[in-house]
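The structure under discussion appears below in the form of structure tokens.
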There are 2 protein chains.
Amino acid sequence: MVGEGEKRSVFGDQTGSVELLWGGRERPSRGPRPALSLERITRTAIALADAGGLGAVSMQRVAGELDFTKMSLYRYVPGKNELVALMIDSAMGEPPQLPEGWRNGLRAWAGALTTVYHRHPWLLGAATGPRVMGPNELGWTETAVAALADTGLSGGEQLDAVVVVSGHVRALAQVSASMGLGSARATEPEQVMSAALNELLVGRADRYPAVAAALASTEADAAARDRANEFGLERILDGLEAYMGGSR
Amino acid sequence: MVGEGEKRSVFGDQTGSVELLWGGRERPSRGPRPALSLERITRTAIALADAGGLGAVSMQRVAGELDFTKMSLYRYVPGKNELVALMIDSAMGEPPQLPEGWRNGLRAWAGALTTVYHRHPWLLGAATGPRVMGPNELGWTETAVAALADTGLSGGEQLDAVVVVSGHVRALAQVSASMGLGSARATEPEQVMSAALNELLVGRADRYPAVAAALASTEADAAARDRANEFGLERILDGLEAYMGGSR
DNA sequence: ACAGAATAGTGTCCATCAGATACAGTTTCT
DNA sequence: AGAAACTGTATCTGATGGACACTATTCTGT
């Protein structure tokens, strides 16, 4: 199960996440010293996810990796949803330093985000459904919005622009992960997958002529595939720039 | 478990999906008549997911809803992953008819896709990880690419443009689902959630000044929030149009 | 110094999940 | 008529997330 069980009370569940992600968490004065730490647990869980996807992260396995029992983890984390929330925020890491200028800034921001998704592909599947943003995630948003602060965009437009760029990075990372276009991980399996898509199409070019034609023209143009990652982002930035009036 | 278990053999798993989604599936001549059908199973599973999210879909429950045993479903579907693949393609439905002109076309396409995501929010979480596209999903891609066929974009660029637009719709639907901005479903829970984000920010405006400022200016401008759904898409279309030369 | 309270980790238990396998009943082809 | 192929069922396994009771540890108030 991944997270959207029907027992989630829409907010009661999130309370734990909010406290864990944002709360002070001072150690109580009485009682034995904790032998574990939130950070160690989170790190271990991330390592498991990096190696085998989100499905490889279970309380048992995380605990086993740390030589503890499963239930001991629940002294640190109220439940698995909260652990995943911690994993997400920790895997995001600190937002990058951006260069001057909103356009260069957003470009660098998108690149850094792409790197994160490549390093932790499970993030693509984890960050789904209603969630509470953690400090790092909000920090990423902050740096991106800050890059747009002096562009004349309204506050809402700034937020929308960030949603557009991050959505694009995410979409591209998804395609990259499932079809192996331009991904450093594009080893055999993904290429087989892309081949399978082609295989689906060859007998059906009549039903999907536009896609077939587009794919065919892509195959011949290896250089274009290298630019694929940039194309969409540059169009988005163009659109934003035009909207600002092109002056900045 | 949702799908990224480490036992997935990268393609062996997908074979079943390919056959189910694309294969002919003629009924064998001998043996009892099947009392169920793929379509009925899929429909039931979608209804469960619509009502309670993907987590509410288990083989047990689907079977129970149909008054059959869990294992009987495996006569129709090789596994849960394949069922989810069927659900996705079925929930997508037939692609929409688009109006003339690539820009109007893509706008309508994005709107239709948004409607689908609103109707089946679980799609946002289901369509993650390496998957095989079904006929309907590929059909959606086909209509979008077809709308761009006469724009002068290369095949690769057409595909990239579609990825951009669909990624944006997806990103927006996600925000919409988790923050309730402009969503028809924006009832109490999501508003509470948005309020919670604000609440997080009020004490921390020093750490996230740009986001705080942007959010503050948004609150005052209810009209802007209604335009939020359009803003990003129009910027993307602007960017594409500029790249084409603005002539068409 | 000492008793009680709060805490940490453990062991046991439960419902649920996806799926394997063996089997009984049904239909059709030879 | 009989074998072959198929459908739905019953039973079982191993794993999951989590509840709960229990022991061991550590600090606080006396």
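Lettering follows sequence order; numbering is per chain, from 1. Owing to the predicted nature of the structure, the values given are computational and were not obtained by experimental measurement.
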Problem set entry | Distance in angstrom units between B:F68 CZ and D:dT9 P, rounded | 6 Å

Problem set entry | Touch class at under 4.0 angstrom, heavy-atom based, for B:S72 against every strand present | base

Exercise. What nucleotide, of D:dA24, D:dC27, D:dG8, holds the atom closest to the side chain of A:R30?
Worked result: D:dC27

For this session: Looking only at side-chain atoms of A:M59, point me to the closest of D:dG17, D:dT26, D:dG8.
Result: D:dG17

For this session: Determine yes or no for a side-chain-to-main-chain donor-acceptor pair under 3.5 angstrom, with A:N136 supplying the side chain and A:S90 the backbone.
Result: no

Exercise. So, the side chain of A:W140 versus the backbone of A:G93: is there a donor-acceptor pair under 3.5 Å, distance only?
Worked result: yes

Problem set entry | Residue whose closest nucleotide on DNA chain D lies nearer the 5' end, B:R33 versus B:K70 | B:R33

Exercise. So which one's nearest nucleotide on DNA chain D is more toward 5', A:Q60 or A:P78?
Worked result: A:Q60

For this session: Answer yes when A:R43 and A:E39 have at least one side-chain N-carboxylate O distance shorter than 4.0 Å, and no when they do not.
Result: yes

Problem set entry | Whether A:W22 side chain and A:M133 backbone form a donor-acceptor pair below 3.5 Å | yes

Seminar exercise, completed: When rounded to whole Å, the CG to P distance for the pair B:L66 and D:dG8 reads 11 Å

Exercise. Is a donor-acceptor pair below 3.5 Å formed from side chain A:K80 to base D:dG18, judging by atom type as modelled?
Worked result: no

Problem set entry | Residue whose closest nucleotide on DNA chain C lies nearer the 5' end, A:T69 versus A:G31 | A:G31

Exercise. Please give, in whole Å, the distance from C:dC17 P to B:L54 CG?
Worked result: 14 Å

Exercise. Where the side chain of A:Y76 meets the backbone of A:L36, is there a donor-acceptor pair that is under 3.5 Å apart?
Worked result: yes

Exercise. OP1 or OP2 of D:dT7 less than 4.0 angstrom from a side-chain nitrogen or oxygen of B:R27, does that happen here?
Worked result: no

Exercise. What's the CG-C1' distance between A:L73 and D:dT16, to the nearest Å?
Worked result: 14 Å

Problem set entry | Proximal nucleotide (of C:dC17, D:dT28, D:dC6) relative to the A:S29 side chain | D:dT28

Problem set entry | Selection from D:dT26, D:dG17, C:dC17 that lies nearest to any side-chain heavy atom of A:Y74 | D:dG17

Exercise. Under 4.0 Å: is that the gap between some side-chain N or O of B:R75 and OP1 or OP2 of D:dT9?
Worked result: no

For this session: Taking only the side-chain nitrogens and oxygens of A:Y76, find out if one of them lies under 4.0 Å from OP1 or OP2 of C:dG9.
Result: yes

Problem set entry | Residue closer to the 5' end of DNA chain C, A:P32 versus B:M71 (nearest nucleotide) | A:P32

